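Got a structure here, written out as structure tokens. Questions coming.
What you see is a predicted model; the values in this text were computed from it and never measured. Order of the sequence lines sets the chain letters (A, B, ...), proteins ahead of strands, with each chain counted from 1.
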Protein chains: 2
Amino acid sequence: MGATKTDLFTKKQNEIAMMAKALAHPARIAILQEILKTNSCICGSLVNDLGLAQPTISQHLKELKAIGLIRGTIEGTSVCYCINPKVWNQYKQLFADFFKESIKNENNCC
Amino acid sequence: MGATKTDLFTKKQNEIAMMAKALAHPARIAILQEILKTNSCICGSLVNDLGLAQPTISQHLKELKAIGLIRGTIEGTSVCYCINPKVWNQYKQLFADFFKESIKNENNCC
DNA sequence: AATATTAATCGTAATATTGCAATTAATAGA
DNA sequence: TCTATTAATTGCAATATTACGATTAATATT
């Protein structure tokens, strides 16, 4: 086997998991932070900054783009990436909702 | 290759990624939500509720325990699981910090 | 047109994850 | 002690991820 049984879970549970999966690599965290830090968009400087090969960075960018967290627009020979605020805020909300539940249930039976 | 190059990234970036990885499966989201919902701790009812085999659930519980998100105490023949509030709140804070950055940088260049 | 620059894609190898059947470990109760 | 119950561990197969060299695609510059 090896394939996740998504049909056993709710839409929201799968959404949270997918979102978490997108953030489940330090390179992707670093990429997002770099895009956030430099107020203007970033191109291929990520390759210099992160120390990973160009195809590797490109693949991580592809994944982030696939779930909609970032957008890329071609500017001459380089590509400019930026956060998609709409999706970003959706994700932010989903995570906040998930962790908010903890406050209501301060169980400490073990 | 195939192994994540954690040495290229900051401690915090690796922490966020590890935390996200722990949440990157709908079964683990469902397990955590179930533990949160039933105010008292849960034992093996997760197997009945989730529709996955017992070894599979056990493995997911092991992963959640490995990163400290949950604790398990033996109660007779069954095992009682509960959230570790300390770690839970740490994670909550880390995520909140990560997503907070978005507000400061409302970039929309592309 | 020829060359340089930038980034995506392809192919491949190494490693990690997911899921479960079979087994084992450990306690509860007869 | 013997049996039932519950959960962890082991072993294995299928699939997914990570990383990068080689190549390709596309625009910019000469």
> So which nucleotide from C:dG19, D:dT6, C:dA7 ends up closest to the side chain of B:H60?
Replying inline: C:dG19

>> Between the base of C:dA8 and the side chain of A:Q54, is there a donor and acceptor pair under 3.5 angstrom?
In response: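 Indeed, a donor on one side and an acceptor on the other fall under 3.5 Å apart.
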
> Parallel, tilted or perpendicular: which fits the ring planes of A:W88 and B:F98, with parallel below 30° and perpendicular above 60°?
Replying inline: tilted

> How about A:E34 and A:I31: do any of their side-chain heavy atoms sit closer than 4.5 Å?
Replying inline: no

> Would you say a side-chain N or O of A:K5 is under 4.0 Å from OP1 or OP2 of C:dC20?
Replying inline: yes

> Hey, does the side chain of B:S58 come within less than 4.0 Å of D:dA7's phosphate (OP1/OP2), counting only N and O?
Replying inline: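 So the side chain of B:S58 is outside the cut-off, no N or O lying under 4.0 Å from OP1 or OP2 of D:dA7.
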
> The side chain of B:L52 lies closest to which of these nucleotides: C:dT6, D:dT6, C:dC20?
Replying inline: C:dC20

> Can you tell which of C:dT15, C:dG19, D:dA7 lies closest to the side chain of B:T56?
Replying inline: C:dG19

> Which nucleotide sits closest to the side chain of B:P55: C:dA7, C:dG19, C:dA22?
Replying inline: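 Among the listed nucleotides, the one closest to the side chain of B:P55 is C:dA22.
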
> Are side-chain heavy atoms of B:L69 and B:L23 found at a separation under 4.5 Å?
Replying inline: yes

>> In terms of relative ring orientation, are A:F99 and B:F95 parallel, tilted or perpendicular, with 30° and 60° separating the classes?
In response: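 Judged by the thresholds at 30° and 60°, the geometry between A:F99 and B:F95 is tilted.
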
>> Quick check: do A:D97 and A:K100 have side-chain heavy atoms less than 4.5 Å from each other?
In response: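 They are in contact (side-chain heavy atoms under 4.5 Å apart), so the answer is yes.
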
>> Is there a side-chain contact between A:Y91 and A:I67 in this structure, where contact means two heavy atoms from C-beta onward sitting under 4.5 Å apart?
In response: yes

>> Return whichever of A:G76 or A:G51 has its heavy-atom-nearest nucleotide of DNA chain D closer to the 5' end.
In response: A:G51

> For residues 20-32 of chain A, which residues have at least one heavy atom under 4.0 Å from DNA chain D?
Replying inline: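 Going residue by residue through residues 20-32 of chain A, the ones with a heavy atom under 4.0 Å of DNA chain D turn out to be A:K21, A:H25, A:R28.
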
>> Which nucleotide, if any, forms a Watson-Crick or G-U wobble pair with D:dT30, using both distances under 3.5 Å?
In response: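 Its partner is C:dA1.
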
>> Here's a test of your reading of the structure: between B:E63 and A:I57, which maps to the more 5' nucleotide of DNA chain C?
In response: A:I57

